[in-house]
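Reading through the structure tokens given below for one structure.
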Number of protein chains: 2
Amino acid sequence: MAKKRKTTIKDIANVLNISPAAVSKALNNDSRISDKTKKAVKQVAINLNYQPNHLASALRSGKSNLVGVVVPRTNSNFFSSVIQNIEEVLNKEGYNIIITQSNESYEKECRNIDTLLFTQVDGIIASMANETINLEYYEKVKAKGIPLILFDRGENDLNVDYIGIDDYTSSHTIVEHLVSQGCKRIAHIGGFKHTRIFNNRIRGYIDALKKHNLPLDEELLIECDLSKEDGSKKMEQLLALENRPDAVYVAGDYAALGALQVLNGRNIKIPQEIALVGFGNEPFTAMVTPSITSVEQHSAEIGKRAALTFLEHTKKETITQTLNKQILDAKLIIRDSSDKNN
Amino acid sequence: MAKKRKTTIKDIANVLNISPAAVSKALNNDSRISDKTKKAVKQVAINLNYQPNHLASALRSGKSNLVGVVVPRTNSNFFSSVIQNIEEVLNKEGYNIIITQSNESYEKECRNIDTLLFTQVDGIIASMANETINLEYYEKVKAKGIPLILFDRGENDLNVDYIGIDDYTSSHTIVEHLVSQGCKRIAHIGGFKHTRIFNNRIRGYIDALKKHNLPLDEELLIECDLSKEDGSKKMEQLLALENRPDAVYVAGDYAALGALQVLNGRNIKIPQEIALVGFGNEPFTAMVTPSITSVEQHSAEIGKRAALTFLEHTKKETITQTLNKQILDAKLIIRDSSDKNN
DNA sequence: TACATTTGCTTAATCGTTTAAGCAAATATA
DNA sequence: TATATTTGCTTAAACGATTAAGCAAATGTA
């Protein structure tokens, strides 16, 4: 099949003996075009299988109708669910989304942002890589004058919208749950403090211990990148202690899984000897043995809100980016790994 | 910060008192521009923080440098790994990718294709939804004259490139492994026959049974959509039989997981009473108890080849889409769920 | 020296749309 | 009836790049 020249607005104009401008307006339902002409134009468009050239209209109107999404990875239920919900909301409004993944690399993340700006997206919705420490690069987005919305990783002091859960309170809830199960030496395998959400989880952990008059043992508070491998490593580190913990709260499900495998491998009874809690409510937490208690992060809600926040920006003319943090309540899902009454 | 007008090629031209055309050529390293001018242009471009307008160049040159990717979902290790590798190869060549997910819905898949065509992508790499029966919609892509490359789901008789694993032989390998473990009544929870790859797995299963002189029991051959829920349901169906199977080969890991949970729930010994094999080598197969034997599909290799295949198309002028199937050998990863000698 | 070629740029058209400005005819208003 | 407004279109410029064609100056060749 030879490459046919695509039908353009001009072809339609020729058929009807009107100007291309009239055709454009007819297709966009301009009020100054008669219904008769509109109908005729639309019919011819169908007949000729007219497909609008998105590039041309984007170039002229300055709007690409594309929204860029940056995530650490798509291969996680949390992020893919967020993405799916962003897509659902934005598709309805005529936007398409471009997904890019940073693979937890700061460098890739920067390149992704460049890619998106290069592609002339109308906005960016992002969650940062673990590595990302400063938000300087994101200034580029703001400088371009397009909306920037951060979620999950990326709570900030920039004048940028943010949507996430209440990590501080979640930590409280977790510690309180473990205390109610009779645990007295609760360890925390956390993320790096430089990421706000992980810092919040750590602060919540520390404050909750205080509240329950439990001493804070520095040996029991560990930072890592929360990969599954790191979870295993840090768990072994905890097991090597003279005075082992009787509960471990891991700030990420993948790392919790790594920890679980170490415990299972050593035939340590969960939760009797050591109780375990993860974070994120990834589907596998319900699948493994024992199932892992975790925290539901409301991925669907976060995705929807991120999209809606973007849409709001597009609606108001003024570019008054006022700090707008939306913090959702998280929910503890109690499973076998921490439920001693079962 | 007010929305600044972006610097264009014209601004650079003004600074240097040369024509915009010269600037364009300098930036594109045209041989007819002196090194001196090139250097000057590039310096000014940096000074003014020039960002090329992708839409404009795409419109003029007819190339968007965008490749569309369609997958059933990103939330699976197989697909996200394929995507990652496509991205890696294409980024190097200056292409960016747009990811869309069909969520296993034919209708959404069609909308995705429209979206991509609308966005003027230079090519499409796709894996079809389970629901997708005919490839008619994909004709639109071919009609537009841009390369179409299918992988995994989508082996076809269209004149379209395809990259996948050898499903027929994989089934043989699985059945032979189970036979070697002493299994005699091997069930198959498969995908729908209308999808070529699942049909191939079913054919492989049937032929392998024959080869080993095992009777084909229609009760032991079940088609479903291979969701986790379906896996559980079909496993229960098999357990309800008077003459239960002593091995179950499930054509997808998620469904295999569903089956596993049913078996575990009934305290049926795996693999002693019933051996279990999945397909896809999703990471959780190694994580659950017992770990699930599965088939590695070479997602990385498939992604790379898909990207390279696209690039080849862009290089040759002629649009001779000749049928080009690349079939890779799959690899059986034996784990606890089918290893009786452990 | 005379002519051909190469170098280094400019001019202007173009990609397919949108849109500001304008204009004639139809309709409304005074 | 005379003027103002609305309707329904056209013309032409614009979005920001690329590129074919052209041209003068520099360089090469005989």
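Every chain is numbered from 1 and lettered A, B, ... according to where its sequence line falls, protein lines coming before strand lines.
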key: Separation of C:dG16 P from A:Asp11 CG (nearest whole Å)   = 9 Å

task = First locate atom CD1 of B:Ile149, then atom CG of B:Asp161, and finally report the distance between them rounded to the nearest 0.5 Å.
result = 5.5 Å

ask   = Between atom CG in A:Asn14 and atom P in C:dT17, what is the gap in whole Å?
value = 13 Å

inquiry  = Quick check: do A:Asp122 and A:Leu66 have side-chain heavy atoms less than 4.5 Å from each other?
reply    = no

request  = Check the distance between D:dA17's C1' and B:Leu27's CG and give it to me in whole angstrom.
outcome  = 11 Å

Atom-to-atom span, CG of B:Asn29 to P of D:dT18 - whole angstrom = 12 Å

task = Please work out if B:Ser24 contacts a base, only the sugar-phosphate, or nothing of the nucleic acid, heavy-atom cut-off 4.0 Å.
result = base

message = Taking the nucleotide of DNA chain C with the nearest heavy atom to each, does A:Pro20 or B:Pro20 sit closer to the 5' end?
response = B:Pro20

request  = Flag the pair A:Arg111 / A:Thr100 as yes when at least one side-chain heavy-atom distance between them is below 4.5 Å, and no otherwise.
outcome  = no

query = What is the distance, rounded to the nearest whole Å, between atom CG of A:Asp30 and atom P of C:dA21?
reply = 15 Å

Among C:dT11, D:dT18, C:dT17, the one nearest B:Ser19 by side-chain distance = C:dT11

inquiry  = Test your reading of the model: is there a side-chain donor-acceptor pair from A:Gln120 to the backbone of B:Leu55, 3.5 Å cut-off?
reply    = no

inquiry  = In this structure, how many angstroms lie between the P atom of C:dT18 and the CG atom of A:Leu55, rounded?
reply    = 12 Å

ask   = What's the closest nucleotide to the A:Thr8 side chain, out of D:dA12, C:dG16, D:dA17?
value = C:dG16

query = Got a sec? Which of residues 32-39 of chain B come in under 4.0 Å of DNA chain C, heavy atoms?
reply = B:Arg32, B:Ile33, B:Ser34, B:Thr37

task = Examine D:dC15: is either OP1 or OP2 under 4.0 Å from a nitrogen or oxygen in the side chain of B:Asn53? Give yes or no.
result = no

task = Let me know the distance between CD1 of B:Ile9 and P of C:dT14, rounded to the nearest Å.
result = 19 Å

request  = Could you tell me whether the side chain of B:Ile12 reaches within less than 4.5 Å of the side chain of B:Val41, counting heavy atoms only?
outcome  = yes

ask   = With the threshold set at 4.0 Å, does a side-chain nitrogen-carboxylate oxygen contact exist between A:Asp114 and A:Lys140?
value = yes

note = When rounded to whole Å, the CD1 to P distance for the pair B:Ile12 and D:dG16 reads 13 Å

task = Assess whether one donor atom and one acceptor atom, taken from the side chain of B:Lys25 and the base of C:dT10, lie less than 3.5 Å apart.
result = yes

message = Determine whether a donor-acceptor pair (N or O, by modelled atom type, separation under 3.5 Å) exists between the side chain of A:Gln101 and the backbone of A:Thr74.
response = yes

inquiry  = Distance criterion of 3.5 Å, no angle test: do you see the side chain of B:Arg60 paired donor-to-acceptor with the base of D:dT18?
reply    = yes

